[in-house]
*Asks:* 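So that we are looking at the same thing, I have put the structure below in structure tokens.
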4 protein chains.
Amino acid sequence: MPTDTKDRILEAAARLFAEQGYHATGVAGILRVAGVKSGSLYHFFSSKEDLLVAVMQRHLDMLRPQFLERAAAESVTEDPLEHVFSLLGIYRRTLLVSGCKLGSPVGSLALEVGSGIPRVRVLIERYFAIWVAQVQEWLEAAGPRLPEGLERGAFAQHVLAVAEGGIVQSRASESLDPYDACVAQLRSTFELLVARSRYERDESRDSLVGEPARADESVGETEDEFEWRAW
Amino acid sequence: MPTDTKDRILEAAARLFAEQGYHATGVAGILRVAGVKSGSLYHFFSSKEDLLVAVMQRHLDMLRPQFLERAAAESVTEDPLEHVFSLLGIYRRTLLVSGCKLGSPVGSLALEVGSGIPRVRVLIERYFAIWVAQVQEWLEAAGPRLPEGLERGAFAQHVLAVAEGGIVQSRASESLDPYDACVAQLRSTFELLVARSRYERDESRDSLVGEPARADESVGETEDEFEWRAW
Amino acid sequence: MPTDTKDRILEAAARLFAEQGYHATGVAGILRVAGVKSGSLYHFFSSKEDLLVAVMQRHLDMLRPQFLERAAAESVTEDPLEHVFSLLGIYRRTLLVSGCKLGSPVGSLALEVGSGIPRVRVLIERYFAIWVAQVQEWLEAAGPRLPEGLERGAFAQHVLAVAEGGIVQSRASESLDPYDACVAQLRSTFELLVARSRYERDESRDSLVGEPARADESVGETEDEFEWRAW
Amino acid sequence: MPTDTKDRILEAAARLFAEQGYHATGVAGILRVAGVKSGSLYHFFSSKEDLLVAVMQRHLDMLRPQFLERAAAESVTEDPLEHVFSLLGIYRRTLLVSGCKLGSPVGSLALEVGSGIPRVRVLIERYFAIWVAQVQEWLEAAGPRLPEGLERGAFAQHVLAVAEGGIVQSRASESLDPYDACVAQLRSTFELLVARSRYERDESRDSLVGEPARADESVGETEDEFEWRAW
DNA sequence: AATGAATGAGAGTTCATTCAT
DNA sequence: GATGAATGAACTCTCATTCAT
């Protein structure tokens with residue numbers, strides 16, 4: 001059976017990098033938390049920077065199972081739009097349990113070391129790309145409930161921005177309020193979009209077919225519903 | 001006679017903290033950039049952390065003149081809603097001229113040292129509060145052009161989130177695209193809100209008064225206009 | 001009127017050197033205590049070492065008025081032997097009021113910088129010489145009450161040794177007990193010496209003259225008395 | 001495999017602290033003397049102060065084998081009173097070989113850092129206590145040769161005082177003379193005490209028994225002898 | 001795989017001192 | 001006489017890393 005030393009190091013490093021940042025975290029601290037001696041660390045990783053890359057790769061590996069898929073699984077409804085907020089809820093939980101000390105580890109690393117270590121930057125870019133792609137997929141799955149003109153990809157980026165930006169504010173104020181407010185506004189935007197989409201479809205339907213469409217709409221109404229849900 | 005040494009140190013520190021982060025910046029680097037010897041730095045600041053506090057205070061002092069007031073002054077129209085995007089444009093310029101290495105210095109500090117140094121965290125919190133308050137003011141100045149039900153304060157936080165979150169993505173991808181996409185979506189949301197407000201007002205007006213109001217509305221139409229403008 | 005700045009500096013330095021030692025005392029600390037800026041200090045003293053020399057000279061200047069003459073003045077009797085213990089009592093008071101943190105400033109300097117700074121060592125040597133000379137004088141003033149064979153100078157050095165050595169122990173144990181015990185033993189030795197001297201004189205008187213001397217002795221008995229007195 | 005690095009550091013530090021004092025000794029100097037790099041020192045000792053504690057502990061560990069037991073072993077006679085002077089002779093040798101630059105390392109530390117670093121002060125206190133206890137034991141082993149009324153413990157403290165105080169003076173004058181004079185006076189006191197004790201015993205014996213005791217006394221005379229011996 | 005002693009460059013900071021005002 | 005900004009060497013200590021075992 002292979003030892004778990006490497007994992008323990010990775011886990012310790014991931015935790016400390018998230019808590020304190022990369023540069024503020026000393027190798028000694030990682031060794032202490034991992035319960036490992038320096039020789040062991042350098043047996044698995046050739047440098048602290050290398051360890052950071054591995055940590056970032058680990059974040060990447062865990063993005064889908066721990067965040068994206070889990071968000072869908074934990075979502076209160078099958079509605080793909082709801083999945084988006086389920087995902088945002090996962091970040092909320094991280095803020096909550098850490099007393100707003102921890103938010104998105106990757107976002108923090110992006111700002112701290114993104115532009116300094118190319119290998120890491122590329123992984124972060126990929127991480128965000130996957131995140132955005134998944135949200136985009138959910139948005140697309142919502143089909144006509146969102147306005148035809150809405151660029152799903154750009155809007156997914158916007159969603160990520162709200163999440164990261166909300167986290168920044170909540171960490172700064174040590175309160176969930178800003179994050180909640182930001183997400184609430186995002187939800188309102190979703191409602192607005194859904195309403196607009198229905199309105200647009202109504203209009204086009206009106207001009208195209210007319211009253212008979214009304215029957216369908218009553219069904220559509222239900223599907224289109226998108227309302228506020230407490231965390 | 002006042003010397004500029006202290007300012008040179010502050011400026012150098014602010015720049016390096018923004019470029020590399022607080023922990024990755026050595027005192028030696030600050031001294032080199034400021035063209036000052038170590039003794040001088042410690043004549044004015046009792047520690048590196050103290051210097052950080054002073055830098056953060058400087059950001060706070062410059063927030064209004066350099067960002068908020070300038071955004072209003074540089075705004076392409078007198079429309080307060082446009083001021084918001086003028087402000088977002090300032091951050092865009094920072095990204096642009098730095099090759100997406102620099103975004104919002106305060107956002108970066110918030111994530112890197114926010115939770116570690118209370119004195120700094122408080123200043124960051126205040127910084128965001130002022131930022132948000134100004135945007136909220138602009139939103140309120142837009143009066144009925146935004147929906148009555150829109151919480152101006154929460155929406156201002158949302159605007160800040162989009163900015164900070166867009167910056168995170170643009171720094172990670174070393175491209176303005178994510179930032180632009182995020183801001184574009186935000187603008188769409190503004191348009192949506194303005195449209196919704198007009199719609200709501202139409203409906204109530206219809207029920208309340210009727211045609212005479214239409215005359216006013218034609219003027220209002222112009223005011224309500226809120227369309228995309230290239231950076 | 002000349003300013004007292006120089007004196008304030010000297011006093012501050014003397015106090016801090018005594019409390020913390022020479023090397024542990026920073027110029028900054030002296031400036032703070034003296035309420036003076038660095039330029040002023042270097043206006044009067046060319047270096048920290050120079051300041052030490054001046055402090056040591058001050059100790060030398062104050063030795064007679066503040067210690068030796070005061071000891072005689074404060075002595076409970078006119079007995080010169082008692083003056084010795086009056087002097088030791090002054091050091092006791094210093095220990096007492098300082099919680100055994102301060103003893104003999106010069107003794108401490110002797111051990112810390114004596115062998116390193118010749119100018120200072122010479123002053124310390126002179127200081128001890130004057131101290132010893134005074135005690136020797138008192139011992140000589142006791143005349144035949146002390147044994148003829150007792151070397152007054154060497155014994156005075158011994159007295160100084162007991163004082164300094166007692167202080168060392170009391171500072172180490174943060175208690176007056178060791179100092180008191182040492183001085184008590186010294187007093188016993190004095191009693192022993194006085195007794196021995198009387199005995200010797202008795203013997204020689206017996207062999208030389210005889211009974212008539214007894215009359216004088218009854219007076220001498222009183223003079224010879226030398227008993228323990230509480231502090 | 002145990003390396004000698006730690007010991008080399010301890011030895012170097014002990015030597016330099018004794019020669020120059022704690023504060024005047026730089027870590028760099030210790031490293032140079034020990035032939036070690038800074039990282040190594042901090043591998044074994046967490047700080048300079050910690051190193052001082054270890055040095056002091058080492059003094060404590062070496063007190064018995066290197067000073068107390070050796071004093072007894074090197075003593076010119078089996079007479080326990082002579083052991084006391086054998087011990088004082090060890091300090092004399094230290095003064096001699098160092099040109100009066102070195103005396104009692106612990107005494108110096110007591111004055112320099114005693115009251116500043118509690119951990120060190122406690123060790124110094126214990127050091128003196130053991131020293132005194134051993135001398136007290138020797139004094140007690142002398143049995144009735146010393147006066148019944150003599151407090152052995154207090155007198156042992158007095159002996160230590162004479163040693164430390166003699167060292168202070170010899171270091172200040174860069175001459176063995178003061179130390180020798182102090183020890184000589186102490187020896188005279190011993191002789192006085194022994195004589196007094198014999199006298200007291202004679203008196204009590206006279207009053208109790210009478211002439212027959214004289215036979216024993218001739219033997220006692222030899223035992224009681226306590227005379228000056230050159231170093 | 002793992003240990004922990006050893007490295008030495010560099011960290012942040014304090015130091016005594018200088019000097020123009 | 002006094003100020004306090006400026007200096008730069010030296011300080012204690014931490015850093016990421018290496019390597020013999």
Side-chain angles (χ1 to χ4, degrees), chain A residues 2-6 9 23-31 34-52, chain B residues 1-6 8-9 23-31 34-52, chain C residues 1-6 9 23-31 34-52, chain D residues 1-6 8-9 23-31 34-51:
Chain A
T3 61
D4 60 341
T5 304
K6 190 172 180 178
I9 295 170
H23 287 103
T25 298
V27 171
I30 298 170
L31 298 176
V36 152
K37 298 304 184 310
S38 72
S40 297
L41 191 152
Y42 285 93
H43 177 71
F44 294 108
F45 307 98
S46 62
S47 68
K48 186 189 173 189
E49 189 178 309
D50 227 66
L51 175 54
L52 171 61
Chain B
M1 189 205 294
T3 53
D4 62 339
T5 304
K6 190 171 180 178
R8 289 222 314 284
I9 295 170
H23 288 104
T25 298
V27 171
I30 298 170
L31 298 175
V36 152
K37 298 303 169 357
S38 72
S40 299
L41 192 154
Y42 286 94
H43 177 68
F44 294 106
F45 306 99
S46 61
S47 67
K48 187 188 170 189
E49 187 177 311
D50 223 66
L51 175 55
L52 171 61
Chain C
M1 195 207 291
T3 61
D4 62 342
T5 304
K6 189 173 180 177
I9 295 171
H23 287 102
T25 299
V27 171
I30 298 169
L31 298 175
V36 152
K37 297 305 184 312
S38 72
S40 297
L41 191 152
Y42 286 93
H43 176 71
F44 294 107
F45 307 98
S46 62
S47 68
K48 185 189 173 188
E49 188 178 312
D50 226 66
L51 175 55
L52 171 61
Chain D
M1 189 206 293
T3 53
D4 63 339
T5 304
K6 190 172 180 178
R8 289 221 314 284
I9 295 170
H23 288 104
T25 298
V27 171
I30 298 170
L31 298 175
V36 152
K37 297 305 172 346
S38 73
S40 299
L41 192 154
Y42 287 94
H43 177 67
F44 293 106
F45 307 98
S46 61
S47 67
K48 187 188 171 190
E49 187 178 310
D50 223 66
L51 174 55

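Each chain gets a letter, A, B and so on, in the order its sequence line appears, and its residues count up from 1. What's counted below: heavy atoms across the whole structure, side chains too, no hydrogens, waters or symmetry copies.
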*Asks:* Quick one: stems for DNA chain F, with Watson-Crick or G-U pairs under 3.5 Å, at least three in a row?
*Replies:*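 In DNA chain F, stems of three or more pairs: E:2-21 with F:2-21.
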*Asks:* Using whole Å, what does the distance between atom P of nucleotide E:dG12 and atom CG of B:Leu52 come to?
*Replies:*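 For the pair B:Leu52 CG and E:dG12 P, the rounded distance is 13 Å.
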*Asks:* Who passes side chain to side chain donor-acceptor pair (under 3.5 Å) against A:Thr25, sequence neighbours left out?
*Replies:*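 A:Thr25: side chain to side chain donor-acceptor pair (under 3.5 Å) contacts with A:Gln20.
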*Asks:* Taking the same atom, C1', in F:dT21 and in E:dA1, what whole-Å distance lies between them?
*Replies:*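 So the two C1' atoms sit 13 Å from each other.
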*Asks:* Nearest whole Å is fine: how far is E:dC15 P from B:Leu41 CG?
*Replies:*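 In whole Å, E:dC15 P and B:Leu41 CG are 16 Å from each other.
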*Asks:* Heavy atoms only: give me the nearest C:Phe44-C:Lys6 pair and the separation to one decimal.
*Replies:*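 Scanning both residues, the minimum pair turns out to be CD2-CD, 3.7 Å.
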*Asks:* Could I get the full list of side chain to side chain contact (heavy atoms under 4.5 Å, CB included) partners for C:Ser47, not counting sequence neighbours?
*Replies:*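 So C:Ser47 forms a side chain to side chain contact (heavy atoms under 4.5 Å, CB included) with C:Glu49, C:Asp50.
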*Asks:* Roughly, in whole Å, what's the span from NZ in B:Lys37 to P in F:dG8?
*Replies:*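 Checked: the NZ to P distance equals 4 Å.
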*Asks:* Looking at the side chain of A:Phe44, which of F:dA6, F:dT3, E:dA1 is the nearest nucleotide?
*Replies:*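 From the listed options, E:dA1 comes nearest.
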*Asks:* Locate the shortest heavy-atom distance separating A:His23 from B:His23; write the atom from each residue and the value.
*Replies:*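 Looking at all heavy atoms of both residues, the closest pair is CB-CB, 3.6 Å.
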*Asks:* Could you write nucleotides 10-18 of chain F as a row of B, S and -, 5' to 3', where a protein heavy atom under 4.0 Å of any base atom gives B, of only sugar-phosphate atoms gives S, and otherwise -?
*Replies:* --SBB-SBB
*Asks:* I'd like to check A:Leu51 versus A:Val27 (side-chain heavy atoms, cut-off strictly below 4.5 Å). Are they in contact?
*Replies:*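 Of all side-chain heavy-atom pairs linking A:Val27 with A:Leu51, none is under 4.5 Å.
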*Asks:* For residues C:Ala34 and C:Ile9, report the shortest heavy-atom separation together with the two atoms involved.
*Replies:*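 Looking at all heavy atoms of both residues, the closest pair is CB-CA, 4.0 Å.
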*Asks:* Which atom names give the shortest non-hydrogen contact between D:Gly35 and D:Arg8, and what distance separates them?
*Replies:*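 For D:Gly35 and D:Arg8, the tightest heavy-atom pair comes out as O-NH2, 3.3 Å.
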*Asks:* For B:Leu41 and B:Val36, which heavy atoms make the closest approach, and how far apart are they?
*Replies:*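 It is N-CG1, 4.2 Å.
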